[in-house]
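See structure below.
Source: prediction; values computed, not measured.
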Amino acid sequence: SPDQATRHPLSFSAMQDLPSPNFDPRPQGTGIDMLVIHYTGMENAADALARLRDPKAKVSAHYVIDEEGTVSRLVDESARAWHAGTAAWQGQSNINERSIGIELVNPGHEFGYRPFPEAQMSALIDLSLDILARHPIPPENIVGHADVAPTRKQDPGELFDWARLARAGIGRWPESWQEEGHLSLAGLGPVDIAEAQSLLARIGYNIQVTGHGDAHLAKVLTAFQRHFRPGKVDGIADSETLARLRDLADQGKTA
């Protein structure tokens, strides 16, 4: 089994090893090119860590970061942790095989969703930069659980500061928009559903271009907004959402 001791020294000291039995080998030849961020969605850190280390639960993550900023390593990066479930991104469904999963302790939408504390965010940035220094993960493949499983998941949710991560060099953010900024929507006209679907697919979301709105489109748009337009999460393809979609689709490599 993979060495879970101290194979990858990290750039911060608040680190502990709490090995989970819930992992298996990555398929031979599969590279790591995704980072998936979750919240635990449980009432406290102890319960979350217990579940992620319970062989009966059959779930895990590579790392857990509590609200005080302590990082726990559960699965070595060389192994496949069981964190994404049924998921897809950039046309690929083998998310666990090619990703590293980080769980942030937070009660989630079911148990009293709240902002992620400074100590937790700072530790996440340090850990993520450390991971990026070891693996060729492109910015467009740094995603939330909701991005890869929009019909099932909400995490890490609209209170997670994706813009801050992007400023630190972790992931992407619409370049035309600042946290308190505004982009002129003049000339956008009515939202073209087919264009919205096409842009979502180019960015990486699992969606077909039909030209018709439906419940699946609403869930994918909700996931997109939680990540890239957190100030208004309604699942509606409005002009502002379309503008942010265009911005992101124009950034760098897309599917």
Side-chain angles (χ1 to χ4, degrees), residues 33-42 48 52 59-65 81-96 98-116 120-121 124 128 137-166 170-174 177 196-197 199-208 213-238 240-241 244-245 248-249 254-255:
D33 69 350
M34 290 190 70
L35 177 62
V36 183
I37 298 173
H38 308 248
Y39 64 40
T40 54
M42 299 187 72
L52 291 166
V59 294
S60 61
H62 293 91
Y63 299 98
V64 176
I65 306 177
W82 305 337
H83 61 96
T86 302
W89 188 252
Q90 302 280 15
Q92 301 294 320
S93 59
N94 59 335
I95 305 303
N96 282 342
R98 53 194 286 233
S99 66
I100 291 173
I102 300 176
E103 291 271 2
L104 303 176
V105 172
N106 187 291
H109 291 81
E110 184 176 358
F111 296 111
Y113 188 44
R114 56 181 178 243
F116 298 83
Q120 190 176 44
M121 289 298 296
L124 173 63
S128 298
I137 300 174
E140 61 269 20
N141 282 356
I142 298 173
V143 295
H145 199 187
D147 294 312
V148 299
T151 63
R152 302 188 300 112
K153 297 296 181 178
Q154 298 174 289
D155 55 315
E158 62 276 6
L159 296 181
F160 182 74
D161 195 348
W162 287 106
R164 176 177 175 180
L165 260 65
I170 305 162
R172 299 194 296 170
W173 188 254
W177 297 83
Q197 291 169 326
L199 292 169
L200 285 165
R202 283 178 59 195
I203 290 165
Y205 291 91
N206 183 24
I207 191 167
Q208 301 297 316
D214 56 20
H216 182 72
L217 174 60
K219 288 180 178 180
V220 176
L221 283 168
T222 296
F224 173 84
Q225 291 166 343
R226 280 201 164 100
H227 190 148
F228 298 109
R229 208 272 298 269
K232 185 178 183 183
V233 179
D234 57 13
I236 296 172
D238 57 27
E240 181 184 346
T241 299
R244 294 188 183 216
L245 280 166
L248 284 161
T254 53

Would you kindly say whether H83 and S99 are connected by a side-chain donor-acceptor distance under 3.5 Å?
yes
Tell me which one of Q154, E103, R152 satisfies side-chain contact (heavy atoms from CB on, under 4.5 Å) with H145.
R152
Looking at D238 and R244, does any basic side-chain N land under 4.0 Å from a carboxylate oxygen?
no
So, the side chain of E140 versus the backbone of G171: is there a donor-acceptor pair under 3.5 Å, distance only?
no
Report yes if some heavy atom in the side chain of I203 is under 4.5 Å from a heavy atom in the side chain of L245; otherwise report no.
yes
Within the 4.5 Å heavy-atom criterion, are L200 and L217 side-chain neighbours or not?
yes
Check whether the ring centres of F116 and Y39 lie less than 6.0 Å apart, and answer yes or no.
no
Please examine the side chains of I102 and I65, heavy atoms only from C-beta on, and report whether any two atoms are closer than 4.5 Å.
yes
Pair W89-N141, side-chain donor/acceptor within less than 3.5 Å:
yes
If you take all heavy atoms of H62 and A81, which pair is closest and at what distance?
CE1-CB, 3.5 Å
So do the side chains of T151 and H216 get within less than 4.5 Å of each other, counting heavy atoms only?
yes
Can a side-chain donor-acceptor contact be found between Y113 and N106 if the only test is distance below 3.5 angstrom?
no
Between D214 and K219, does any side-chain N to carboxylate O distance fall below 4.0 Å?
no
In terms of heavy-atom contacts, T241 and I236 come closest through OG1-O, 3.8 Å
Taking ring pair (Phe, Tyr, Trp, His ring centres under 6.0 Å) as the definition, give me every residue that meets it alongside F224, ordered by chain and number, with sequence neighbours left out.
F228
Less than 4.5 Å apart, side chain to side chain, heavy atoms only: is that true for F160 and D155?
no
Do the side chains of I37 and L165 get nearer than 4.5 Å, heavy atoms only?
yes
Which heavy atom of A166 sits nearest a heavy atom of W173, and at what distance?
CB-CB, 3.7 Å
Any chance you could lay out the side-chain contact (heavy atoms from CB on, under 4.5 Å) test for R98 and Q92, step after step, and finish with the verdict?
CA-CA 10 Å; R98 53 194 286 233; Q92 301 294 320; 3.1 Å; yes
